[in-house]
Protein chains: 2
Amino acid sequence: MSEFMDVYTRASKLVRGVTDAAMRRHGLHLGQNLVLAALWEADGQTPGAIAATAEVTTPTIVKMANRMSAAGLVVRRRDDRDNRLVRLYLTDAGRALRGPIENEMKSIEAQLTAGLDESEAKALMAVLGRVADNARAQLADPVIDC
Amino acid sequence: MSEFMDVYTRASKLVRGVTDAAMRRHGLHLGQNLVLAALWEADGQTPGAIAATAEVTTPTIVKMANRMSAAGLVVRRRDDRDNRLVRLYLTDAGRALRGPIENEMKSIEAQLTAGLDESEAKALMAVLGRVADNARAQLADPVIDC
DNA sequence: CAGAGGTCGCTAGCCGGGAAATGACTTGAC
DNA sequence: GTCAAGTCATTTCCCGGCTAGCGACCTCTG
């Protein structure tokens, strides 16, 4: 068994548990913060664009956006020029969450990296970036496995 | 916004995509491999024990085990002495997957760590272990956030 | 022995994920 | 102008995740 994958899987599930609980404290489901984060940076994006940024598929974002719309965090409007496109816009409630969620994320970072010195945390980020790039390449160019 | 959390989230989703595709190639859903891995190590465990090992909740394992039972990978039996307990046992098909899945995990590890030297990979595992321990502690002792 | 407290699995409902399929729309070639 | 190809969102279905709640069973205490 791959020890790396064991460690990675365990860390992933635990980190997910922490971030899930944190998002719930603000009335969000884990994942919705990614939609909001994308719109805080650039309001009015399409589901497809957000999906690409968040490394998920469009149906996932469409479904989330519908729930977030029902919850009053975003509104959905058709694009002016291309009737295929929907654009998501923040409501006041959606914008108001920016401070609390960003603070929460900083707080989570501090908790997760407690006991690591600055260089260790920086190295972790660099290596995780490399792992992410490797995974991205793998998804883009799957092994033909016969 | 926490750059660490951005990097971590992105890596997590991409790694999940790679492992999900790999498990599907063997007829598994991502997560079922964790149940199998637990039983490969110690056949006959209870859903609660597997859930604790896998860092998920018991209902998750119960639901997965029911599907895996229907798929012929495990069988469910009541414990001889304590009628509250169910124990999951591997079928031949479940046991036969050990080689392919373990090889697959080693292959994924190689892909994800490509370009990292041995010391970097080792350091990553050590730091991820620390992150996991921190997250675990956080889940066990939640911040009272009023 | 009786009952309270604890343990276990289970169900139901909600959620974010993906794959597959579909309809609506836009663009480009002829 | 027409039509094929491409693009986009949407829906449906299945899945693994969680919380909340419940019943069945076991253990411990008085």
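Convention: sequence-line order gives letters A, B, ...; per-chain numbering from 1.
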| request: Using five pairs at either end of the helix from C/dC1-D/dG30 to C/dC30-D/dG1, determine the angle between the two local helix axes and round it to 10 degrees. | output: 0°
Strictly distance-based, threshold 3.5 Å: is any side-chain N or O of [X] a donor or acceptor partner for the main-chain N or O of [Y]?
X        : Y        : value
A/Arg78  : A/Arg84  : yes
A/Gln45  : A/Ala38  : yes
A/Thr113 : A/Glu109 : yes

Beyond-backbone contact of [X] with [Y], side-chain heavy atoms, under 4.5 angstrom:
X        : Y       : answer
A/Met64  : A/Ile50 : no
A/Leu112 : B/Phe4  : yes
B/Val131 : A/Val15 : yes
A/Tyr8   : B/Ser12 : yes
B/Arg98  : B/Leu90 : no

| Non-neighbouring partners of B/Asp79 that pass side-chain hydrogen bond (donor to acceptor under 3.5 Å, both in side chains), sequence neighbours left out |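 Counting only residues at least two positions away or on another chain, B/Asp79 forms a side-chain hydrogen bond (donor to acceptor under 3.5 Å, both in side chains) with B/Arg87.
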| Nearest atoms (heavy-atom pairs only) where A/Arg95 meets A/Trp40 | CA-NE1, 4.0 Å
Interatomic distance where [atom1] belongs to [X] and [atom2] belongs to [N] [whole Å]:
X        : N      : atom1 : atom2 : answer
B/Leu28  : D/dG16 : CG    : C1'   : 13 Å
B/Met23  : D/dG17 : CE    : P     : 13 Å
B/Leu30  : D/dC14 : CG    : C1'   : 14 Å
B/Leu139 : D/dT19 : CG    : C1'   : 14 Å
B/Leu36  : D/dG16 : CG    : P     : 11 Å

| Residue whose nearest DNA chain D nucleotide is more 5′ - B/Asn83 or A/Thr58 | A/Thr58
| query | When the nearest nucleotide of DNA chain D is assigned to A/Asp20 and to A/Leu85 on a heavy-atom basis, which residue is associated with the more 5' position? | reply | A/Leu85
| request: Check each residue of residues 62-80 of chain B for a non-hydrogen atom within less than 4.0 Å of any atom in DNA chain D, then write out the ones that pass by number, or none. | output: B/Lys63, B/Met64, B/Arg67
| task | Please lay out, stage by stage, how B/Arg24 and B/Asp20 fare under the test salt bridge (Lys or Arg N to Asp or Glu O under 4.0 Å). | result | CA-CA 6 Å; B/Arg24 285 164 191 250; B/Asp20 189 32; 3.2 Å; yes
| field | Sequence-distant partners of B/Arg130, salt bridge (Lys or Arg N to Asp or Glu O under 4.0 Å), two or more places apart | value |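 Here no residue qualifies.
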| said: Please identify the 5'-most and 3'-most nucleotides of DNA chain C with any atom under 4.0 angstrom from a heavy atom of chain A. | reply: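 Contacts span C/dC15 to C/dT26, reading 5' to 3'.
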| message | Near DNA chain C, counting only heavy atoms under 4.0 Å, which residues of residues 45-57 of chain B show up? | response | B/Thr46, B/Pro47, B/Gly48
| Counting any heavy atom closer than 4.0 Å, what does B/Arg24 reach on the DNA or RNA strands: base, sugar-phosphate only, or nothing? | sugar-phosphate
| task | Tell me what A/Arg81 touches on the nucleic acid: a base, only sugar-phosphate, or nothing, going by heavy atoms under 4.0 Å. | result |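 A/Arg81: backbone/sugar contact only, no base atoms under 4.0 Å.
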| Trace of the salt bridge (Lys or Arg N to Asp or Glu O under 4.0 Å) decision for A/Arg25 with A/Glu104 | CA-CA 10 Å; A/Arg25 287 200 288 273; A/Glu104 190 73 66; 3.2 Å; yes
| field | Pair B/Glu55 + A/Arg16: basic N to acidic O under 4.0 Å | value |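 No, no charged N to carboxylate O under 4.0 Å.
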